[in-house]
Each structure stands twice: as C-alpha cells, then as structure tokens.
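Structure record follows, encoded as structure tokens.
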Amino acid sequence: ENVVAQTARKWIVAVDGSGRSRSAFDDVCELCDARSDTIIVMHLLMESWEDQGKAQAAATAIENEYCELLEDLHQMDGRVQFDCVRVEKSAVMGQIGSDRGPASAVGEFIAEYAKKEHATFLAVGVDGAGVWHDSALKWKAKQRPTPGRAVRYLTSLEHAPCSVLVSLR
C-alpha cells in the first residue's frame, strides 16, 4: 500500500459573527486533515470603530462561540486556537492612506495576519469579512454577497501570502 505523505497545512479562518463566516469555518473543518493540520480562527477588533462597547461585546460573543466549537475538535488537540486581533487606531492610520477610511484596512490586516502566521489557506465567508464600498464603481454592497475586502485585497497582490478559500454557503 503506497501512502503519500502530506505536508501539514495551516488554515486561518477570519470570522465576524456572520453565518457566512461560520460556513467558512465549517468548510475548513470538513477540508482539513485532522491528523496533521492546524486551524486558527481569528477575529479582527478595530479600535477605530465608533462604538467600542458594542464591538467588544460582539468580539466576546464570537470568541465564546468559536472556542466552544474548537473544543469539539478533540482529535486536533493543541492544533486549534482562537485569536482576537486588536488593531489600534494608530495602526489603522499608519496603514492606510488619507483618502481611505479605516474599514478599507480590514482586508489588509487579515492578509497581514495570514502572512505572519505562515498560513497555507485563508478562509472567509463570501463577503470576505464585510461589505465594501467601491467609489470607482459608484455603489455600496449591502444586501448581496460580494468579493469582500480580504478576498479583493489578496487577489490584487502580485504574490499573495496564501491561497484563499471562499465559502459560498
């Protein structure tokens, strides 16, 4: 019996509390090799958002939900984690140009996180961590799925740090 050795992969799942990001997590759980792969679920908490109390409460709820889901992955003990990444206002202002708002930086921060973690795959829901406004196209996506910020940013790079898995559920 010939067995081909598979290299362990690292999956980053960017979640924002939406059903679409949960679908991305579910897809990763189905696609990963529980014997060797690693899963990191990350949530981005932007300190530049206006209502920090609401943002923190949402982040706590998201962390509680995913930590419980990760505990159910017993066979991956030690290779799963949740990471709430706080992005300070000063980092947002240093990262983006004066003509762009803080929300535009979300995809870039997620991509940088995936790069820092040496991810094999970055998984997002179809919105890709939120809807985005494109002034060149003169429309703002709100109600329909879009190739969101993280996907859009990664696919525009000449050398993206990892592959992107987009859950369409």
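Numbers here simply count residues along the sequence, with the first being 1.
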Separation between [atom1] of [X] and [atom2] of [Y], rounded to the nearest 0.5 Å:
X: Leu70; Y: Asp77; atom1: CG; atom2: CG; answer: 11.5 Å
X: His118; Y: Thr38; atom1: NE2; atom2: OG1; answer: 13.0 Å
X: Asp16; Y: Leu45; atom1: CG; atom2: CG; answer: 12.5 Å
X: Ile12; Y: Ile40; atom1: CD1; atom2: CD1; answer: 4.0 Å

Phe25 vs Ser23 side-chain heavy atoms within contact, under 4.5 Å: no
Ile39 side chain near Val28 side chain, heavy-atom distance below 4.5 Å: yes
Might you confirm whether atom CD of Gln75 has over 12 heavy atoms from other residues, nucleotides or ligands at distances under 6.0 Å? yes
Within the supplied structure, the quantity of interest is the number of heavy atoms (other residues, nucleotides, ligands) at a distance under 6.0 Å from Lys115 NZ; does it exceed 12? no
Apply side chain to side chain contact (heavy atoms under 4.5 Å, CB included) to residues Met42 and Val13 and explain how you reach the verdict. CA-CA 6 Å; Met42 65 88 64; Val13 186; over 6 Å; no
[X] (side chain) donor-acceptor with [Y] (main chain) under 3.5 angstrom:
X: Thr120; Y: Lys10; answer: yes
X: His43; Y: Val15; answer: yes
X: Arg79; Y: Ala34; answer: yes

Partners of Gln56 by side-chain hydrogen bond (donor to acceptor under 3.5 Å, both in side chains), sequence neighbours excluded? Thr60, Arg86
Kindly write out the residues that satisfy side-chain hydrogen bond (donor to acceptor under 3.5 Å, both in side chains) with Asp83, not counting sequence neighbours, or none if the list is empty. Tyr113
Residues Arg9, Ser36; criterion side chain to side chain contact (heavy atoms under 4.5 Å, CB included); working and verdict: CA-CA 7 Å; Arg9 299 169 295 186; Ser36 60; over 6 Å; no
Step-by-step side chain to side chain contact (heavy atoms under 4.5 Å, CB included) determination, Tyr66 to Ser21: CA-CA 11 Å; Tyr66 282 96; Ser21 65; 4.1 Å; yes
Residues that Glu65 engages under side-chain contact (heavy atoms from CB on, under 4.5 Å), provided they are two or more places apart: Arg22, Leu69
In short, Leu73 meets Val80 closest at the heavy-atom pair CD1-CG1, 4.1 Å
Which class fits the ring pair Trp11 and Phe121: parallel under 30°, tilted 30 to 60°, perpendicular over 60°? parallel
